[in-house]
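Data block below; observations after.
So you know, we letter chains A, B, ... as the sequences are listed, proteins then strands, and number each from 1.
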Amino acid sequence: MPELPEVETTRRGIAPHLLGRCVRTVVIRNPHLRWTVPLALATELPGQTLHAVERRAKYLLLRTGHGTVIVHLGMSGSLRVVDESLPAGPYDHVDLVFSGGKCLRLRDPRRFGAILWTQTDPAQHALLRDLGPEPLAPEFTAAWLGACMHGRRAAVRDLLLNARIVAGVGNIYANEALFRAGIRPGRRGGRLSHADCSRLVSSIRVILRRAIAAGGTTLRDFQNAEGDPGHFQRALSVYGRAGHPCRRCGTPVKALAIGQRRAFFCPHCQR
DNA sequence: CTTTTGACCTGACAGC
DNA sequence: TGCTGTCAGGTCAAAA
């Protein structure tokens with residue numbers, strides 16, 4: 001479900017409620033997520049004060065003085081700040097209960113998400129250490145993208161989903177950025193020119209910034225920390241719009257199966 | 001090394 | 001109404 005803009009929307013939503021608060025208890029109702037929820041979360045976290053809520057790629061990092069909680073929302077995960085008295089639903093697997101009665105509740109029907117605990121530098125964690133640059137950071141340049149694309153036969157859409165190349169871009173925004181850059185999703189990475197890479201870098205930045213400003217994209221179930229949906233789905237140019245007219249030229253948008261995941265493009269506006 | 005495939009889960013929806 | 005099949009925002013691990 002959530003790509004970078006949805007995770008960032010979640011981060012901004014939960015941070016003001018929780019910063020400076022102390023964890024009172026951890027409730028693990030179902031530990032069977034992508035990786036088993038570590039028992040250390042329940043033994044080490046209570047008593048710790050949350051002093052930062054950061055995001056790296058699609059991971060959220062909840063920093064305390066003695067360790068960091070790493071959260072990934074997978075395909076169907078969401079985090080909400082609720083009153084601890086609110087009854088938990090069947091997919092509410094983990095609660096971090098804070099002093100004052102507020103509770104950070106992780107819901108994840110498909111259980112592809114994760115919540116982990118590390119007492120060392122999270123940037124060196126096996127899940128984070130090989131991530132590529134943040135797309136909104138200055139290290140993400142046309143030169144970097146060009147070097148990553150060089151000699152690659154895979155579809156550019158798939159290379160954009162590769163977190164070692166750029167961190168946090170998922171299927172929606174990869175397709176949207178490729179539309180904006182005028183590049184077909186099935187083009188082989190190695191066939192991109194420097195000008196293509198340059199347009200793609202700026203397109204990714206623009207699309208992600210706009211999506212964050214809109215509070216993310218809600219296709220079926222994304223909701224922010226307050227339980228509200230995002231609004232970027234109204235601004236989608238191609239994703240999920242197969243058969244509908246291109247907003248720029250009117251040509252019907254095409255869908256293509258690339259690997260196991262669908263790609264969307266305008267055959268007139270994208271080459 | 002790169003690329004492809006399977007795996008992990010449940011819900012929503014289309015079609016019969 | 002109810003069944004079956006397909007698809008979904010992610011990404012790791014193993015196979016080719």
Side-chain angles (χ1 to χ4, degrees), chain A residues 1-10 29-37 55-60 70-79 89-94 106-116 125-132 135 147-178 185-191 204 207-208 211-212 214-224 229-236 238-243 255-264:
Chain A
M1 167 230 283
E3 302 185 34
L4 185 153
E6 291 74 36
V7 177
E8 179 63 20
T9 296
T10 299
R29 298 188 192 81
N30 181 356
H32 303 295
L33 301 187
R34 169 115 199 218
W35 292 282
T36 302
V37 178
R55 178 190 57 73
R56 173 75 171 110
K58 296 169 190 165
Y59 295 93
L60 282 171
I70 301 175
V71 180
H72 195 289
L73 299 176
M75 287 281 268
S76 59
S78 61
L79 281 174
Y91 309 117
D92 292 333
H93 306 308
V94 178
L106 174 64
R107 172 176 298 188
D108 187 0
R110 293 178 72 178
R111 287 187 275 123
F112 287 173
I115 181 163
L116 302 169
H125 191 280
L127 292 173
L128 305 190
R129 72 182 165 216
D130 295 322
L131 290 172
C148 292
M149 294 288 149
H150 183 76
R152 302 291 291 262
R153 306 189 58 174
V156 58
R157 195 282 315 263
D158 285 342
L159 294 169
L160 292 181
L161 299 183
N162 183 339
R164 292 173 178 239
I165 295 175
V166 56
V169 176
N171 202 25
I172 296 177
Y173 302 111
N175 280 279
E176 293 297 308
L178 285 163
R187 280 255 295 274
R188 296 179 187 279
R191 302 289 302 271
I204 289 169
I207 294 290
L208 293 178
I212 292 169
T217 298
T218 296
L219 293 183
R220 43 192 134 263
D221 55 9
F222 170 70
Q223 51 181 223
N224 64 22
H231 300 290
F232 195 71
Q233 61 277 11
R234 296 187 306 108
L236 294 177
V238 288
Y239 186 87
R241 298 192 66 246
L256 196 68
I258 298 180
Q260 312 291 333
R261 321 188 63 186
R262 291 222 288 174
F264 300 88

- [ ] Using Watson-Crick or G-U wobble pairs with both distances under 3.5 Å, give me DNA chain C in dot-bracket, 5' to 3', with [ ] for crossers and | for pairs to another strand.
- [x] .|||||||.|||||||
Task: Aromatic ring pairing Tyr59(A)/His72(A), orientation class (parallel under 30°, perpendicular over 60°, tilted between) - done: perpendicular
Identify the pairs formed between an N or O of the protein and an N or O of nucleotides 6-9 of chain B at a distance under 3.5 Å, and give each distance.
unit_1	atom_1	unit_2	atom_2	d
dC9(B)	O3'	Arg111(A)	NH2	2.9
dC9(B)	O2	Arg110(A)	NE	2.7
dC9(B)	N3	Arg110(A)	NH2	3.2

Open item on the list: If the condition is salt bridge (Lys or Arg N to Asp or Glu O under 4.0 Å), which residues does Arg187(A) pass it with, not counting sequence neighbours?
Closed with: Asp196(A)
Open item on the list: Nearest to the Glu6(A) side chain among dG10(C), dG9(C), dA8(C), which nucleotide is it?
Closed with: dG9(C)
TODO: Using a cut-off of strictly less than 4.0 Å, decide whether Lys58(A) has a side-chain nitrogen or oxygen near OP1 or OP2 of dT11(C).
DONE: yes
Report all interatomic pairs (protein N or O, nucleotide N or O of nucleotides 14-16 of chain C) with separations under 3.5 Å.
none

Open item on the list: Please report the distance, rounded to the nearest Å, between CG in Asn162(A) and P in dT11(C).
Closed with: 10 Å
Open item on the list: Need one value for Phe232(A): base, sugar-phosphate or nothing, where a base atom within 4.0 Å counts as base even if backbone is also close, heavy atoms only.
Closed with: nothing
TODO: Provide the distance between the two P atoms, one in dT6(C) and one in dG6(B), to the nearest whole Å.
DONE: 14 Å
Any N/O pairs under 3.5 Å between the protein and nucleotides 1-3 of chain B? List them or say none.
unit_1	atom_1	unit_2	atom_2	d
dT3(B)	OP1	Arg153(A)	N	2.6
dT3(B)	OP1	Ala154(A)	N	3.0
dT3(B)	OP2	Arg152(A)	NE	2.6
dT3(B)	OP2	Arg152(A)	NH2	2.8

Task: Any donor-acceptor N/O pair, Glu6(A) side chain to Thr217(A) backbone, under 3.5 Å - done: yes
Task: Arg129(A) CZ - dC12(C) C1' separation (whole Å) - done: 13 Å
TODO: Could you tell me which residues satisfy side chain to side chain donor-acceptor pair (under 3.5 Å) with Asp158(A), sequence neighbours excluded, listed by chain and number?
DONE: none
Open item on the list: Any base atoms under 4.0 Å from Tyr239(A), or only sugar-phosphate, or nothing? Heavy atoms, all strands.
Closed with: sugar-phosphate
Open item on the list: Under a 3.5 Å threshold, yes or no: a donor from one side chain and an acceptor from the other, between Asn171(A) and Arg262(A)?
Closed with: no
